[in-house]
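All values reported here derive from a predicted model rather than from experimental measurement. The figures that follow rest on heavy atoms only: side chains count, while hydrogens, waters and symmetry mates do not.
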Amino acid sequence: MKHANMIFQPSAKPLHVGLLLLPESSMMSLASTLDPMRAANRFARRPLFSWRIVTPDGLPATLTCGLDVASSGSLATLGAVDLLLVISGFNQARHAPAPILRQLRQLAPRLACLGGVEAGTWVLARAGLLSGQQATTHWEDLEDFAAAHPEVDVQGARFVITHNRITAGGASPAMDMILELIRARYGVALALQVAGVFIYESAAGGADRQPLMARARLERRDPLVARALDAMEAALDEPLSVTKLAQSLGVSRRALETRFARSLNMAPGQAYRNLRLESAARLVRDTAHPMAEIALRCGFSSPAAFNHAFLAKFGQNPRQMRARS
């Protein structure tokens, strides 16, 4: 695969990387970004990558798991790098206030490439650094991100590479993106060695859609059920009937029900409702959207029907869950 991005061109030179790590990021997102570069250096027996972790204020960043990651300084002290990656998770607006956005805008013209991992994409967009660009973020936020930033060409892809921007939807896509960087710069053999040391083999490409639930094993065991779940996820707001779903997959309703019972021990309709309710619960916990809007987004025709289904699934109504969150 050929890329227009300068840092994704074959090169023998080391790549200097800055990591702006925001508090409440995921340890997985940091490790998936950093450890493939570390492993590439190990196998190459020379420094193909150098990196420096900075935080907005130079203090250690407390991650979502409660661990503190040391910083070598603040963003203002970053120095010269080729690539700057912003890694962020929860509450990115609080952790990247206006002065940080201003510093990012000042740094951008001096960088060969600028990127975001998970909510790092939000930070770049808020800084005005993704206007007219293709980009992705975590699947939970795609709809809200697109509404908040109509100037960005939002993709539901795992990761996106443009001529001077790269974005990844989360930890696993970040590893895929860095592996692609290793492959493009230093060759397929090294990328395979790095993936192998982590016993990691992703069958997905950057342009593949982010699924709401991981199902690589399910795809191997029963591809039809995996395709059905894909179709369900694509139509949460206007649920398909099981009959129409089966027709779209080229099988009978009975055959689809049999396959779901064998693979998931539940009926297709139950699996569909679970997907819609899990999506609704995330919106209840992590956003301030009105309950009526969440109900419509997740395919419930009325707030009463939504409340009833939610209470049956989670043992509390949506407002109780939001209050406890």
Side-chain angles (χ1 to χ4, degrees), residues 3-23 25 29-42 44 46-61 63 69-89 92 95-96 99-130 133 135 159-168 171 173-186 190-191 194:
H3 300 284
N5 192 305
M6 182 187 304
I7 69 168
F8 282 78
Q9 301 304 313
S11 175
K13 295 180 179 180
L15 189 73
H16 304 293
V17 181
L19 302 174
L20 173 58
L21 181 64
L22 270 59
S25 295
S29 290
L30 174 61
S32 294
T33 303
L34 184 56
D35 261 3
M37 294 189 284
R38 188 268 312 162
N41 288 353
R42 172 192 167 198
R46 62 188 181 92
L48 299 179
F49 296 93
S50 67
W51 55 83
R52 188 175 179 216
I53 297 176
V54 297
T55 54
D57 53 11
L59 298 175
L63 305 185
V69 175
S71 166
S72 62
S74 68
L75 178 59
T77 68
L78 178 61
V81 296
D82 305 304
L83 166 66
L84 175 60
L85 287 170
V86 181
I87 302 175
S88 180
Q92 52 80 25
H95 299 306
I100 297 300
L101 303 185
R102 185 168 57 252
Q103 289 177 43
L104 286 171
R105 285 193 293 270
Q106 292 168 349
L107 282 169
R110 306 202 298 267
L111 300 168
C113 186
L114 183 59
V117 174
E118 201 167 330
T121 306
W122 281 88
V123 177
L124 298 184
R126 289 175 47 235
L129 296 169
L130 291 177
Q133 300 263 12
F159 64 88
V160 173
I161 300 168
T162 68
H163 75 283
N164 63 351
R165 297 288 185 269
I166 56 176
T167 50
M175 178 171 278
D176 288 329
M177 185 172 71
I178 300 302
L179 286 171
E180 176 62 18
L181 176 60
I182 294 168
R183 185 206 65 77
R185 285 183 70 86
Y186 307 116
L190 181 59
V194 171

Q: Between W122 and Q92, what is the shortest heavy-atom contact and its length?
A: CB-CD, 3.6 Å
Q: In Å, rounded to the nearest 0.5 Å, how long is the span from CD1 of I166 to NE2 of H3?
A: 10.0 Å
Q: To the nearest 0.5 Å, what is the distance between CG on L101 and CG on L75?
A: 10.0 Å
Q: Can you tell me how far the CG atom of L85 sits from the CG atom of L114, to the nearest 0.5 Å?
A: 8.0 Å
Q: I need the minimum non-hydrogen distance between V123 and L22, along with the two atoms involved.
A: CG2-CD2, 4.1 Å
Q: For S50, which residues count as a side-chain contact (heavy atoms from CB on, under 4.5 Å) partner, sequence neighbours excluded?
A: H16
Q: State, with a plain yes or no, whether a side-chain heavy atom of V81 is found less than 4.5 Å away from one of R52.
A: no
Q: Minimum heavy-atom separation for F159 and E180, please, with both atom names.
A: CZ-CB, 4.3 Å
Q: Let me confirm one number: the CG-CG distance from L179 to L190, rounded to the nearest 0.5 Å.
A: 9.5 Å
Q: Minimum heavy-atom separation for L48 to Y186, with atom names?
A: O-OH, 3.1 Å
Q: Excluding sequence neighbours, so at least two apart, what forms side chain to side chain donor-acceptor pair (under 3.5 Å) with S29?
A: E118
Q: Please identify each residue that fulfils side-chain contact (heavy atoms from CB on, under 4.5 Å) with R110, with sequence neighbours left out.
A: L107
Q: Show your working on side-chain contact (heavy atoms from CB on, under 4.5 Å) between N41 and W51 and close with a plain yes or no.
A: CA-CA 11 Å; N41 288 353; W51 55 83; 3.5 Å; yes
Q: Mind running side-chain contact (heavy atoms from CB on, under 4.5 Å) on L181 and F49 for me, showing each step along the way?
A: CA-CA 11 Å; L181 176 60; F49 296 93; 3.9 Å; yes
Q: Heavy-atom distance under 4.5 Å between the side chains of L21 and S71, does that happen here?
A: no
Q: List the atom of A171, the atom of S32, and the distance in Å for their closest heavy-atom pair.
A: O-CB, 3.1 Å
Q: I want to check something: taking the side chain as every heavy atom from C-beta on, are L20 and P56 in contact at a cut-off of under 4.5 Å?
A: yes
Q: Report the residues that fulfil salt bridge (charged side-chain N to carboxylate O under 4.0 Å, His left out) with R38, sequence neighbours left out, ordered by chain and then residue number.
A: D35
Q: Looking at residues at least two apart in the chain, or sitting in another chain, which of them share a side chain to side chain donor-acceptor pair (under 3.5 Å) with R165?
A: none
Q: Looking at residues at least two apart in the chain, or sitting in another chain, which of them share a side-chain contact (heavy atoms from CB on, under 4.5 Å) with A112?
A: M6, I7
Q: Which atom pair, heavy atoms only, marks the closest approach of A108 to L129?
A: CB-CD2, 3.7 Å
Q: Would S25 and L30 count as a side-chain contact (heavy atoms from CB on, under 4.5 Å) here? Give the steps.
A: CA-CA 8 Å; S25 295; L30 174 61; over 6 Å; no
Q: Do V17 and L34 pass the side-chain contact (heavy atoms from CB on, under 4.5 Å) test, and can you show the C-alpha distance, the side-chain angles, and the key distance before you say yes or no?
A: CA-CA 10 Å; V17 181; L34 184 56; over 6 Å; no
Q: Do T55 and V69 come within less than 4.5 Å of each other through their side chains, counting heavy atoms only?
A: no
Q: Nearest 0.5 Å, what's the CG-CD1 distance between L63 and I87?
A: 9.5 Å
Q: Are Q133 and N164 side-chain neighbours, meaning at least one heavy-atom pair lies under 4.5 Å?
A: yes
Q: Would you find a donor on one side and an acceptor on the other, under 3.5 Å apart, between the side chain of S72 and the backbone of V54?
A: no
Q: Would you indicate whether the side-chain heavy atoms of C113 and D82 approach each other to under 4.5 Å?
A: no
